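To start, the structure itself, in C-alpha cells.
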Amino acid sequence: MSLKREKSTAAPEVASIQNDYVRSVERKEKRQMAHKVRLFRRLAVFGLVVMLATIWIGTTIYAQSQTLTEKEQLREEAQLALKDVKKEQVKLQEQIILLNDDEYLAKLAKKELFVSENGEIIFTLPEK
C-alpha cells in the first residue's frame with residue numbers, strides 16, 4: 001500500500017515542447033483568460049452601476065410617495081377647514097341679513113342689553 005501512495009503522489013516531470021505552434025496556443029489561451037477576466041470585471045462594474053441606480057431610483061420614489069402622502073393629508077385637512085369656513089360664512093351672512101332688520105335689533109337690544117322703551121318694564125327670569 002505504501003508503494004501505491006508514493007507513486008500516485010509523485011508527479012512525473014514531462015518536458016513541454018517549445019515550438020511555434022505550442023507557443024501560439026499558449027498565447028491564445030492567455031489572451032482568452034485575460035479576456036474572461038476583463039469581461040468579468042466589466043460585468044461586475046456594470047452590475048454595480050445598475051444596482052446603485054436601482055437603489056437611487058427606489059429611494060427617490062419612496063421619498064416622493066411619502067411627500068405625496070403628506071400633501072394629500074394636508075389637502076384633506078384644508079378641505080375640512082374650507083367646509084367649516086363656508087358654514088361659518090353662511091351663518092355670518094344670515095346674521096348680517098338679520099342685523100339689517102330693525103325689529104331684530106330691537107329684540108336683541110332688549111334681550112341682551114336690557115334696553116326698554118318708555119314705560120316698559122323688563123323682567124328677567126332665571127334660566128334653569
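All values below come from the heavy atoms of this structure, side chains included, with hydrogens, waters and symmetry mates left out. Computed from a predicted structure; not experimentally measured. Numbers here simply count residues along the sequence, with the first being 1.
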Output a table of donor-acceptor pairs, distance under 3.5 Å, between side-chain atoms of residues 62-71 and any protein atom two or more places apart or on a different chain; print 'none' if there are none.
{"residue": "Tyr62", "atom": "OH", "partner": "Gln66", "partner atom": "NE2", "Å": "3.2"}
{"residue": "Ser65", "atom": "OG", "partner": "Ile61", "partner atom": "O", "Å": "3.4"}
{"residue": "Ser65", "atom": "OG", "partner": "Tyr62", "partner atom": "O", "Å": "2.7"}
{"residue": "Thr67", "atom": "OG1", "partner": "Ala63", "partner atom": "O", "Å": "3.0"}
{"residue": "Thr69", "atom": "OG1", "partner": "Ser65", "partner atom": "O", "Å": "2.8"}

Apart from Tyr104 itself, residues in the same hydrophobic cluster as defined by side-chain heavy atoms under 4.5 Å: Leu98, Leu99, Leu105, Leu108

Backbone of Ile96 reached by a side-chain donor or acceptor of Asn100 within 3.5 Å: yes

Residues in side-chain contact (heavy atoms from CB on, under 4.5 Å) contact with Leu80, at least two apart in sequence or another chain: none

Hydrophobic cluster partners of Leu52 (side-chain heavy atoms under 4.5 Å): Leu48, Met51, Ile55

Distance (rounded to the nearest 0.5 Å) between Gln79 CD and Leu74 CG: 12.0 Å

Val90: side-chain contact (heavy atoms from CB on, under 4.5 Å) partners, not counting sequence neighbours: Glu94

Residue pairs passing the salt bridge (Lys or Arg N to Asp or Glu O under 4.0 Å) test where at least one lies in residues 72-93, sequence neighbours excluded: Glu72-Arg75

Fellow cluster residues of Phe40, listed by chain then number, with links counted only when side-chain atoms sit under 4.5 Å apart: none

For a quick test of your reading: what N or O donor-acceptor pairs under 3.5 Å do the side chains of residues 17-34 make, sequence neighbours left out?
{"residue": "Gln18", "atom": "NE2", "partner": "Ser16", "partner atom": "OG", "Å": "3.1"}
{"residue": "Asn19", "atom": "OD1", "partner": "Tyr21", "partner atom": "N", "Å": "3.4"}
{"residue": "Asn19", "atom": "OD1", "partner": "Val22", "partner atom": "N", "Å": "3.0"}
{"residue": "Asp20", "atom": "OD1", "partner": "Arg23", "partner atom": "NH2", "Å": "2.8"}
{"residue": "Arg23", "atom": "NH1", "partner": "Gln18", "partner atom": "O", "Å": "3.3"}
{"residue": "Ser24", "atom": "OG", "partner": "Asp20", "partner atom": "O", "Å": "3.4"}
{"residue": "Ser24", "atom": "OG", "partner": "Tyr21", "partner atom": "O", "Å": "2.7"}
{"residue": "Arg27", "atom": "NE", "partner": "Arg23", "partner atom": "O", "Å": "3.4"}

Residues that, via side-chain heavy atoms closer than 4.5 angstrom, fall in one hydrophobic cluster with Val37: none

Salt bridge (Lys or Arg N to Asp or Glu O under 4.0 Å) contacts in which one or both residues fall within residues 32-54, not counting sequence neighbours: none

